[in-house]
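Residue numbers run from 1 in the order of the sequence given. Everything quoted here is computed from the prediction, not taken from an experiment.
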Amino acid sequence: MTKVVISGTGVYTPPHSISNDELVASYNEYVRRFNEANKDKIEAGEVKALEPSSSEFILKASGIERRYVMDKEGILDPDIMCPRLPERSNDEPSILAEMSVAAAKEAMQKANKKPEEIDAVIVACSNLQRPYPAIAVEVQDLLGIEGFGFDMNVACSSATFGIKAAHDMVQSGGAKCVMVVDPEICSGHLNFRDRDSHFIFGDVCTAIIVERKETCTSKHAWEILGTRLLTKFSNNIRNNFGFLNRAAPEGIGEPDKLFVQEGRKVFKEVVPMVAQLITDHVHEEGLDPQKLDRLWLHQANINMNDFIGRKVLGRDPEAGEQPNILQDYANTSSAGSIIAFSQYSDDLPQGALGVICSFGAGYSAGNVIVRRLAA
């Protein structure tokens, strides 16, 4: 059977960073204005007063200290509190495609790949800029890649589902080399006026090249030993924004047209599901979970990752065994585990074993077991 490898990764980091202190200052000013404007109704018990946020609360709840964004001014303006990203003409590259190209070029450089050596492009992310034409086809065109491209969305699991699709195409002979890109502008679907979630997300784009082992010349290669996907329907993480919104004008602008979640339920239900998925998958590949050298987990919440790490390894993860990038990037949806893999994989020796795992809305979870090849 054809052996398949990840031969290169790339990360595009947006130019702007927002600290917890900056975000809290903006949110608390919005709270002050709201409570002042609704003072009489609040005193009459008709409206509930909003509570302020704090950097200490954010750090304890999530492990996040800052996040990168495509636009900073709009998010921090109490009158706007969302990114301002002007529309571009149809003759200009879309924002997601532009981000994808930047990450893809870094991945191609690491993988020693030229455009003519890549057969397909998959754009896998939580929020696509448009339904058609596919962002992937635009990225393919901008990079000068022949073949085909398509978009897919499995929310926070999009990257690992994309790797699975790429792996299966390469293994079956449908393609020799596939580019997977994950452009995530999560700030666009985040409700910055919601105390429980206003701090969660950041923006980024990652890229992964998947190819046959026999064609790989990269010093950054990891063989894919196995892939596993899992989905279970849940309403606990949801976004109801879509093309049918205009057909129901009474719902336009409602909170459910942005990211909403039942955080405690998600923690209680997703964490054991993911830990079991990783453990079962590793066992089925004839490996011992306790001998995994590294876990590159979805970067949503440090407390979730710590719990999963303990369940999989049977102990508290040691320093470096479960790298987190939350403190700098926040939750970047599907891209988080790939950022962690890209930044914390080259230090491991030949033969090292690891797991790339992402999970989130759906519920969905994707697991990829990898082994380091010789540099």
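Closest heavy-atom contact between Lys110 and Thr9: CD-O, 3.1 Å. Ser218 and Ser7 get closest at one heavy-atom pair: OG-O, 2.6 Å. The heavy-atom pair separating Leu277 from Arg228 by the smallest distance is CD1-CG, 3.3 Å. Counting all heavy atoms, side chain and backbone alike, Leu313 lies closest to Pro289 at CD2-O, 3.4 Å. Ala124 approaches Ser334 most closely through the heavy-atom pair O-OG, 3.7 Å.
Note that the CG atom of Asp203 and the CD atom of Glu184 stand 9.0 Å from one another [nearest 0.5 Å]. If you take CD on Gln261 and CZ on Phe267, they are separated by 12.0 Å, rounding to the nearest 0.5 Å. The distance from atom CZ of Phe199 to atom CG of Leu59, rounded to the nearest 0.5 Å, is 10.5 Å. One finds the NZ atom of Lys3 at 11.5 Å from the CD atom of Gln171 (value rounded to the nearest 0.5 Å). In this structure, the separation between CZ on Phe201 and CD1 on Ile185 is 14.0 Å, given to the nearest 0.5 Å.
Contact of the Asp347 side chain with the Arg294 side chain is registered, since non-hydrogen atoms from C-beta on lie closer than 4.5 Å. Within the 4.5 Å cutoff, the side chain of Pro115 has no heavy atoms near those of the Glu117 side chain. The shortest side-chain heavy-atom distance between Tyr68 and Thr332 does not fall under the 4.5 Å cut-off.
In the hydrophobic cluster analysis, where Ile, Leu, Val, Met, Phe, Trp and Tyr join through side-chain heavy atoms closer than 4.5 angstrom, Val154 is grouped together with Ile338. Tracing side-chain contacts under 4.5 Å through hydrophobic residues (I, L, V, M, F, W, Y), one never reaches Val180 starting from Ile369; they form parts of separate clusters. Residues Leu292 and Ile224 are members of separate hydrophobic clusters, defined by side-chain heavy-atom contacts under 4.5 angstrom among Ile, Leu, Val, Met, Phe, Trp and Tyr. Met273 and Phe307 end up in the same hydrophobic cluster when Ile, Leu, Val, Met, Phe, Trp and Tyr side chains are linked at under 4.5 Å. Transitive grouping of hydrophobic side chains (ILVMFWY, heavy atoms separated by less than 4.5 Å) brings Val11 and Ile6 into a common cluster.
The side chain to side chain contact (heavy atoms under 4.5 Å, CB included) with Ser157 is formed by just one residue from the set Ser333, Cys357, Ser358; it is Ser358. Just one of Glu262, Glu269, Arg264 meets the side-chain hydrogen bond (donor to acceptor under 3.5 Å, both in side chains) condition when paired with Asn236; it is Glu269.
Within a 6.0 Å radius of CD in Glu87, other residues, nucleotides and ligands contribute 12 heavy atoms or fewer. The local environment of NZ in Lys105 is sparse, with at most 12 non-hydrogen atoms from other residues, nucleotides or ligands closer than 6.0 Å. No more than 12 heavy atoms of other residues, nucleotides or ligands sit less than 6.0 Å from atom CD of Glu146. Atom CG of Asp288 has more than 12 heavy atoms from other residues, nucleotides or ligands within 6.0 Å.
For Arg195 and Tyr27, the positive end is not near the middle of the six-membered ring at less than 6.0 Å and at most 45° from its axis.
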